[in-house]
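Notes for the one structure printed next.
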Number of protein chains: 2
Amino acid sequence: MGIIRKTKAVTTVLQIFEEKNEAKSVVHLIELVKDKMNKTTVYRILDRLEQDGVIHSFNGKDGLKWYAKCEGCSANHHSDKHPHFQCTECDKVECLSIEINIPSIKNHKVESTDILLMGQCEVCCV
Amino acid sequence: MGIIRKTKAVTTVLQIFEEKNEAKSVVHLIELVKDKMNKTTVYRILDRLEQDGVIHSFNGKDGLKWYAKCEGCSANHHSDKHPHFQCTECDKVECLSIEINIPSIKNHKVESTDILLMGQCEVCCV
DNA sequence: TTGCAATTGCAACATAGTTGCATTAATTTT
DNA sequence: AAAATTAATGCAACTATGTTGCAATTGCAA
């Protein structure tokens, strides 16, 4: 169904994604807005925004759900194909615009991929 | 520290992995042995087996933790580098022995990868 | 077989995420 | 501009996954 009404809560969540082009875990998001809304609301807003293709989700290295807004996102073309990078030191997650070539696998039909690269980010690399 | 004693519980868990070369989610494993041992024990045995390199773990598409035993596993060479394939229809997970080439990323140091391919397996492909 | 440390069971806890339902607030209708 | 409609929210209770402390048990070495 997606977003129908632009409420204060929706605006608040969207602002967080617009401020910085960085992925956020749901847990972190809930913490960020805990004075302004209920955690249930956060979960529901994220669902709706994802259905509308405004943001996309993926799993972090800890198994937690992360969300990010990025260029590739739109209602039709859910950009669930690009890889993500999570820093093992500062935990920051970035969307990568690189293409990773997946060889075809015998008798299998690959429909989507979930690729998380881990290591040291620009800041922690030093 | 790893496995020191070969208890009944350890044997039971190992048998499950030896029977069939297939990955299992922790939830499924707990269900399989729920008459024989406590869930805490299952978690602890899996931890120890992983530390010994007898099995390895990774995240499934649902964010759940999965474990598998496979050729590449050993105490030193924790084969956390190979990709996995999860069927979107029957949920079965397989270890893939293919190599996926990761291009180098500017100012980042990639240390490990977590690659899950999703689609239809051999059986569900028809 | 005895003793000790590893292992297990259990209960209680922690955290992520979901559900039902009454209330509130955007948006549409009049 | 007020009323009506219904999406969105808050709250409490719940489910599921996973962890911890501690007492009881068991594997193994001496």
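Chain letters run A, B, ... following the sequence lines, proteins first, then strands; residues in each count from 1.
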Okay, side chain of [X], backbone of [Y]: is any donor-acceptor separation there less than 3.5 Å?
X       : Y        : result
B:Gln86 : B:Asp91  : yes
B:Thr41 : B:Met37  : no
B:Asp52 : B:Val54  : no
A:Thr88 : A:Gly119 : yes
A:His56 : A:Glu50  : no

Using whole Å, report how far [atom1] of [X] lies from [atom2] of [N].
X       : N      : atom1 : atom2 : answer
B:Leu64 : C:dG17 : CG    : P     : 11 Å
A:Asp47 : D:dA7  : CG    : C1'   : 15 Å
B:Arg48 : C:dT7  : CZ    : C1'   : 6 Å
B:Tyr43 : C:dG9  : OH    : P     : 15 Å
B:Asn59 : C:dA16 : CG    : C1'   : 14 Å
A:Asp62 : C:dA14 : CG    : C1'   : 16 Å
A:Asn38 : C:dT18 : CG    : C1'   : 12 Å
B:Met37 : C:dC10 : CE    : C1'   : 16 Å

Next item on the list: Indicate, with yes or no, if the rings of A:Phe85 and B:His108 have centres closer together than 6.0 Å.
Entry: yes
Notebook entry, point to check: Taking the side chain of B:Thr40 as its heavy atoms from C-beta onward, which of D:dG18, D:dT20, D:dC11 lies nearest to it?
Noted result: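 Nearest listed nucleotide: D:dT20.
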Shorter than 3.5 Å, N or O on both sides, protein versus nucleotides 25-30 of chain C: list them out with atom names.
| residue | atom | partner | partner atom | Å |
| --- | --- | --- | --- | --- |
| C:dA26 | N3 | A:Arg5 | NH1 | 3.1 |
| C:dT27 | OP1 | A:Lys6 | N | 3.2 |

Check: Hey, can you pull the residues of residues 22-35 of chain B with a non-hydrogen atom under 4.0 angstrom from DNA chain D?
Finding: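 Those residues are B:Val26, B:Val27.
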Next item on the list: Flag yes if B:Met118 and A:Ile105 sit in one hydrophobic cluster, no otherwise; membership is Ile, Leu, Val, Met, Phe, Trp, Tyr, and two members link when side-chain heavy atoms are under 4.5 Å apart.
Entry: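 Different clusters.
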Item checked: Side chain A:Arg44 and base C:dG17 donor-acceptor under 3.5 Å -> no
Note to self: For D:dG18, does the base pair up with any side-chain atom of B:Lys39 as donor and acceptor (N or O, under 3.5 Å, distance only)?
What the structure shows: yes
Notebook entry, point to check: OH/A:Tyr67 to CD1/A:Ile16 distance, rounded to the nearest 0.5 angstrom?
Noted result: 14.0 Å
Checklist line | NZ/A:Lys61: more than 12 non-hydrogen atoms of other groups inside 6.0 Å | finding: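 Yes.
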